[in-house]
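Have a look at the structure below before the remarks.
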There are 2 protein chains.
Amino acid sequence: MTSQRPIPTLQDVATRAGVSTATVSRAINFPDQVAQVTRDKVNAAIAELGYSPNFGARAMAARRTNTIGAIIPTMENAIFARGLQAFQEELRSNGYTMLVASTAYQPDTEEEQIRSLVARGADALLLIGYHRDPAIYDFLDAQDVPVLLTWAFDPAATRPSVGFNNSAAMQEMAEKVIGMGHRRLALISAETAQNDRASARCDGIRQAMTAAGLDADTLCFVETKYGIEEGAAAFDEVMTHDPSPTAVFCGNDVLAVGALRRARERGIAVPGDVSIIGFDDIELAQVVYPALTTVHVPHREMGRKAGQALVKHLRDGTALEPIEVHTKLVLRNTLGPP
Amino acid sequence: MTSQRPIPTLQDVATRAGVSTATVSRAINFPDQVAQVTRDKVNAAIAELGYSPNFGARAMAARRTNTIGAIIPTMENAIFARGLQAFQEELRSNGYTMLVASTAYQPDTEEEQIRSLVARGADALLLIGYHRDPAIYDFLDAQDVPVLLTWAFDPAATRPSVGFNNSAAMQEMAEKVIGMGHRRLALISAETAQNDRASARCDGIRQAMTAAGLDADTLCFVETKYGIEEGAAAFDEVMTHDPSPTAVFCGNDVLAVGALRRARERGIAVPGDVSIIGFDDIELAQVVYPALTTVHVPHREMGRKAGQALVKHLRDGTALEPIEVHTKLVLRNTLGPP
DNA sequence: TTGTACGCGTTATCAA
DNA sequence: TTGATAACGCGTACAA
């Protein structure tokens with residue numbers, strides 16, 4: 001049982017340094033407003049006491065927290081982890097702290113997390129995708145909390161975002177695939193109901209089909225949850241379709257890797273019998289064999305730019321501008337002629 | 001320019017409901033202490049105003065935050081992401097919120113993040129591994145913040161942890177490998193300087209060698225940063241050793257996957273020419289070809305149990321007990337006879 | 001350059 | 001069951 005000395009406060013530091021609390025506060029927040037000697041005394045007292053400012057009190061008095069919240073579907077998905085890591089590094093180097101929360105793709109949970117982060121005093125929020133209950137946007141407007149969306153970019157959208165055009169990116173890949181002669185196409189997609197990125201990618205394929213004179217309704221479409229195992233099961237389903245597809249698009253690399261594994265297990269040659277195409281270009285894509293053809297998304301760049309944009313907005317009060325980042329086709333070895 | 005109505009406070013709700021702030025506070029925190037009719041009026045007012053309590057003020061007045069901080073090396077590593085996801089789910093279902101911060105394996109950054117989370121009022125902290133400056137533990141004790149360590153388990157340690165015995169786990173695998181007849185061993189390790197898990201795994205191999213009558217100094221040891229590319233480069237280095245190893249242990253699956261890829265690129269057969277062994281059993285391990293032999297770590301179980309332990313401690317005030325979780329050898333296809 | 005004093009929004013104690 | 005009120009620790013006019 002150690003004798004519990006109480007946590008030191010500003011007042012304790014002030015007493016110890018023989019100055020007022022106001023001076024200590026200034027010494028911390030505006031060092032050049034206080035005389036050198038005074039500052040030294042204060043710093044010494046802070047060090048001796050092991051003082052660190054109370055966040056709650058500070059937030060209440062200053063009415064800002066230097067904290068930015070980020071809400072993602074799940075940390076278990078490498079793409080979000082990577083984007084957030086870059087986002088955080090950017091914030092950190094500008095004196096901001098990131099608070100993360102995850103939603104498991106549940107809109108209710110997202111709303112709850114938004115309220116929680118706002119209550120915690122987040123100065124701004126980073127959210128994934130455009131689609132959510134308008135009431136949430138109203139709430140954020142009412143609370144005067146700036147919001148930046150990411151992972152999607154729609155020039156026509158009213159809310160600013162830092163992201164890429166999911167539809168156009170997938171369309172470009174589909175055009176490539178169709179250009180190679182593929183006609184019987186399939187798509188293994190993440191669940192589209194609450195996920196505007198997934199549905200935009202799906203639209204991209206249909207548009208490419210229509211533009212090439214194919215009937216978009218012939219696309220063999222299967223929706224599934226996120227996961228390697230899920231991708232494998234969906235691949236089975238897709239291949240039972242008659243006529244069977246010669247090219248299988250996947251909404252993300254994880255699904256594609258599952259499909260690829262199942263193809264090997266079934267003795268189906270890739271890309272000999274069927275081509276498999278991913279989306280995201282996570283590390284996994286280069287490691288599987290054959291290496292996965294996919295759409296590269298600059299996750300780190302996106303996270304970094306989102307961080308820069310938010311910091312600038314908070315500092316200078318300038319409007320948040322939409323920023324588009326660009327995807328790129330990565331043609332590896334799972335795509336071949338039909 | 002919408003007219004900015006101010007953010008509602010407890011006082012606003014009280015006025016609107018025609019009661020005192022004390023009653024509103026109780027209606028929120030101890031609903032059964034207030035009359036049904038009063039409660040309804042208060043809830044109505046809360047809904048109409050869109051009120052949500054100010055976290056800072058609450059923390060200051062209540063002297064707790066229902067928040068638990070977690071500090072990990074990096075979110076980009078799937079093992080931490082997965083463990084934290086489970087940890088968070090457990091906290092959430094008990095009314096606690098998780099705050100994450102990451103350190104990029106920098107002790108200085110970790111210390112900074114610890115102070116930041118404590119200042120934010122974290123009721124407890126989850127940290128990875130045992131090894132850190134004693135001054136940090138002193139600080140946490142002084143601030144009266146409970147700490148639970150994880151990802152490691154040492155029965156002799158003074159601080160409670162929820163984790164597994166890194167050394168014993170690797171030793172078990174090494175015994176298996178040696179038992180198959182391997183004598184020329186190599187280890188590609190994560191950097192051991194600030195990472196007690198990495199050095200424990202290394203010790204495990206040496207102990208198995210000594211126990212089997214081998215000279216532990218013959219272990220070909222290479223240290224590298226985290227990453228697939230880094231694993232590949234380290235594999236090159238290890239294979240130039242003379243005599244070249246017949247079995248290459250890797251400190252984690254990501255390094256192992258890099259080694260595996262490089263082996264394929266070099267035309268080195270696995271496990272024909274050399275065996276490769278990973279650690280962690282992340283999804284990657286089942287997806288590569290040949291599937292990776294590795295040590296399974298129950299990351300989700302570990303995260304969940306850590307969450308349970310911390311919640312119980314905070315609620316009941318009982319001491320934090322050490323909890324060991326168990327690893328398991330997963331013999332897939334990259335390990336064969338020498 | 002420094003100090004005084006008030007207010008931030010909530011919880012908790014004590015009375016009523 | 002409810003209300004008045006004193007903390008909680010800090011930032012910041014304003015004054016000196």
Side-chain angles (χ1 to χ4, degrees), chain A residues 5-43 45-46 49-67 115-116 118-123 143-144, chain B residues 5-43 45-46 49-67 115-116 118-123 143-144:
Chain A
R5 115 196 91 163
I7 297 169
T9 71
L10 237 213
Q11 181 58 251
D12 297 331
V13 176
T15 306
R16 177 109 181 190
V19 299
S20 74
T21 59
T23 298
V24 177
S25 176
R26 276 186 297 252
I28 294 173
N29 299 301
F30 310 97
D32 32 66
Q33 283 184 27
V34 344
Q36 178 70 51
V37 285
T38 316
R39 213 188 315 162
D40 291 344
K41 279 191 301 185
V42 170
N43 286 333
I46 288 177
L49 263 35
Y51 167 80
S52 69
N54 178 301
F55 179 80
R58 181 175 247 188
M60 203 158 48
R63 312 181 93 19
R64 65 186 154 59
T65 60
N66 287 335
T67 291
R115 289 186 181 278
S116 164
V118 168
R120 292 185 120 74
D123 293 340
Q143 302 273 337
D144 208 14
Chain B
R5 114 198 92 164
I7 297 170
T9 71
L10 237 214
Q11 182 57 251
D12 298 331
V13 175
T15 305
R16 178 107 180 193
V19 299
S20 73
T21 59
T23 298
V24 176
S25 176
R26 275 187 297 251
I28 293 172
N29 299 301
F30 310 96
D32 32 68
Q33 283 183 28
V34 347
Q36 177 71 53
V37 285
T38 316
R39 213 188 314 163
D40 290 344
K41 279 191 300 188
V42 170
N43 286 332
I46 289 176
L49 264 35
Y51 167 80
S52 68
N54 177 300
F55 179 80
R58 182 174 248 188
M60 204 158 48
R63 313 183 118 317
R64 64 186 155 60
T65 60
N66 287 335
T67 291
R115 288 186 181 277
S116 163
V118 168
R120 290 186 123 74
D123 293 340
Q143 301 274 335
D144 207 14

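Since the structure is predicted, the reported quantities are computational estimates derived from the model, not experimental observations.
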Inset, instruction - Please report how far the helix from C/dT1-D/dA16 to C/dA16-D/dT1 bends, comparing the axis fitted to its first five pairs with the axis fitted to its last five, to the nearest 10 degrees. - result: 30°
Inset, instruction - Could you tell me whether the side chain of A/Phe55 reaches within less than 4.5 Å of the side chain of A/Pro53, counting heavy atoms only? - result: no
Legend entry - 4.5 Å side-chain heavy-atom contact, B/Ile28 and B/Ile46: yes
Inset, instruction - Summarise protein proximity over nucleotides 6-16 of chain D in one line of letters, 5' to 3': B for base, S for sugar-phosphate only, - for none, counting protein heavy atoms closer than 4.0 Å. - result: --BBBBB----
Inset, instruction - Give me the first and last nucleotide of DNA chain C, going 5' to 3', that has any atom under 4.0 Å from a heavy atom of chain B. - result: C/dG9 to C/dA12
Inset, instruction - List the steps and the verdict of side chain to side chain contact (heavy atoms under 4.5 Å, CB included) for A/Val37 and A/Lys41. - result: CA-CA 6 Å; A/Val37 285; A/Lys41 279 191 301 185; 5.7 Å; no
Inset, instruction - Output all residues satisfying salt bridge (charged side-chain N to carboxylate O under 4.0 Å, His left out) with A/Arg26, sequence neighbours left out; order by chain, then residue number. - result: none
Inset, instruction - Please name all residues satisfying side-chain hydrogen bond (donor to acceptor under 3.5 Å, both in side chains) with A/Asp40, sequence neighbours left out, ordered by chain then number. - result: A/Gln36
Legend entry - Sidechain-backbone polar pair: B/Ser25 side chain, B/Thr21 backbone, donor-acceptor under 3.5 Å: no
Sequence neighbours excluded and cut-off under 3.5 Å, please list the side-chain donor-acceptor pairs for residues 56-66 of chain B, or say none.
residue: B/Arg58; atom: NH2; partner: B/Asn29; partner atom: OD1; Å: 3.1
residue: B/Thr65; atom: OG1; partner: B/Thr67; partner atom: N; Å: 3.3
residue: B/Thr65; atom: OG1; partner: B/Gly121; partner atom: O; Å: 2.5
residue: B/Thr65; atom: OG1; partner: B/Asp123; partner atom: OD1; Å: 3.2

Inset, instruction - Report the C-alpha distance between A/Val19 and A/Val24 in whole Å, list the side-chain angles of each, state the deciding distance to 0.1 Å, and finish with yes or no for side chain to side chain contact (heavy atoms under 4.5 Å, CB included). - result: CA-CA 7 Å; A/Val19 299; A/Val24 177; 3.7 Å; yes
Inset, instruction - Locate the shortest heavy-atom distance separating A/Gly50 from B/Gln143; write the atom from each residue and the value. - result: O-NE2, 4.0 Å
Inset, instruction - Before giving the answer on side chain to side chain contact (heavy atoms under 4.5 Å, CB included), spell out for B/Thr15 and B/Asp12 the whole-Å C-alpha distance, their side-chain angles and the decisive distance to 0.1 Å. - result: CA-CA 5 Å; B/Thr15 305; B/Asp12 298 331; 5.5 Å; no
